[in-house]
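Only this structure's heavy atoms are used, side chains among them; waters, hydrogens and symmetry mates stay out. A note on names: the letters A, B, ... follow the listed sequences, proteins ahead of strands, and every chain is numbered from 1. Just so it is clear, the structure is predicted and the values come from calculations on it, not from any experiment.
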Protein chains: 2
Amino acid sequence: MTDDQRSGCPINLTLEVVGDKWSLLIIRDMMFGNRRHFRELLTKSEEGISSNILADRLKTLLDADIITREDDPSHKQKGIYSLTEQGIELLPVLAQMAAWGYQYLPVSEELGIRARLLSEGGPKMWSEFMDELRETHLGIARRKKGPTVGERLQAACESVVNRT
Amino acid sequence: MTDDQRSGCPINLTLEVVGDKWSLLIIRDMMFGNRRHFRELLTKSEEGISSNILADRLKTLLDADIITREDDPSHKQKGIYSLTEQGIELLPVLAQMAAWGYQYLPVSEELGIRARLLSEGGPKMWSEFMDELRETHLGIARRKKGPTVGERLQAACESVVNRT
DNA sequence: TGCAACCAGTTGCAAATTGCAATCAGTTAA
DNA sequence: TTAACTGATTGCAATTTGCAACTGGTTGCA
């Protein structure tokens, strides 16, 4: 892995790290789906990532300090992947992409509702959600209590799915 | 080109369109560098894209209605590429990526200054810049007059470069 | 009129990356 | 003891990328 960067442009450097078809989806699943294990990321992925690609991307994200890995005490082989502060700070990027996709692409209803809420909530909601991620992934207690943004998004998603 | 989408998730759909190492750089150059011709995008690119990749990506972006192409009246072979409204609306995505890259990656000083200003300016500045892009690319006169965000970014960039 | 420079791409080919299925070796619960 | 589960790895075909050369046409200038 040679670090031959193409330029010092911040957008380019960001793309060099997460500018592929899978990395941001993995991060999305860690954020919104709370997937923390290899198997969870592999099998519960909406898009069906294959195991070699997942292994490779997790390695890249570890190298880039976007996620960390620690052993799961309940199972000697299991690893728990967590987002770092740097990884959590990718939320605004994902949120903007979700908002753009929601507006211009043929998004499915059950997956679009999350994007709509997140978009309507704006930076304030993103910030609140990031605090929740800091609690889940970094063990930093969040300030605000009560129902979380994560729960609200999940509930909205399910209410669409269960509406027959 | 079969449209086998992996899922209806807005983030995934967005990545399917611009989730590669070059598309967003082309859009960046159109926005911040005002590159409108094939040659300009090819030779003035900081990262050195090759002509076949550029041709392919422009085709993809045309298909996705992110850019349009029209003939340049001054030269029969020249084409002018313009951003569509949809393309202009990618600015917040780029701005967030720039902000993240600026904060966490080894950005060069002359290219970082733009990211810093854009980040400090926030959504308000982005919106103003998008209005300028609408004027340049869509021919829609902007409301606010006076020095543009584009000029300010350019000036800041040059002031760093020319500081010996 | 001729010619060099410029224009937007295209082509051919090697190298790297991706996607898929099978496999692996250690771990755990029954 | 054994079947299922864990995080991966391997082999291989297909696709994508990157580079350099090239194409067919246009333009400006002498």
Q. Could you write nucleotides 7-22 of chain D as a row of B, S and -, 5' to 3', where a protein heavy atom under 4.0 Å of any base atom gives B, of only sugar-phosphate atoms gives S, and otherwise -?
A. BBBBB-----SBB-B-
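- Within 6.0 Å of NZ in A:Lys145 there are more than 12 heavy atoms belonging to other residues, nucleotides or ligands.
- Residue B:Ile49 contributes atom CD1, which lies 14 Å from atom C1' of C:dA8 at whole-angstrom precision.
- Taking CG from B:Asp131 and CD1 from B:Ile140, the interatomic distance works out to 9.0 Å, rounded to the nearest 0.5 Å.
- The distance between atom NE2 of A:His75 and atom C1' of C:dA25, rounded to the nearest whole Å, is 12 Å.
- Across the protein-nucleic acid pair, A:Leu41 atom CG and D:dC5 atom P stand 18 Å apart, rounded to whole Å.
- Taking atom CG of residue B:Asp72 and atom C1' of nucleotide C:dA8, one finds them 12 Å apart after rounding to whole Å.
- Cation-pi geometry between B:Arg6 and A:Trp22 is met: under 6.0 angstrom from the ring centre, within 45 degrees of the axis.
- One can place NZ of A:Lys76 at 18 Å from C1' of D:dA4, the figure rounded to the nearest angstrom.
- Judged by the 6.0 Å distance and 45° axis criteria, A:Arg36 is not positioned over the aromatic ring of A:Tyr81.
- Put simply, CG on B:Leu58 and CD1 on B:Ile49 are 7.5 Å apart, with the number rounded to the nearest 0.5 Å.
- Taking CD1 of B:Ile113 as the reference point, atom CD of B:Glu158 lies at 12.5 Å (rounded to 0.5 Å).
- Computed from coordinates, the A:Lys44 NZ to D:dC5 C1' distance equals 14 Å when rounded to whole Å.
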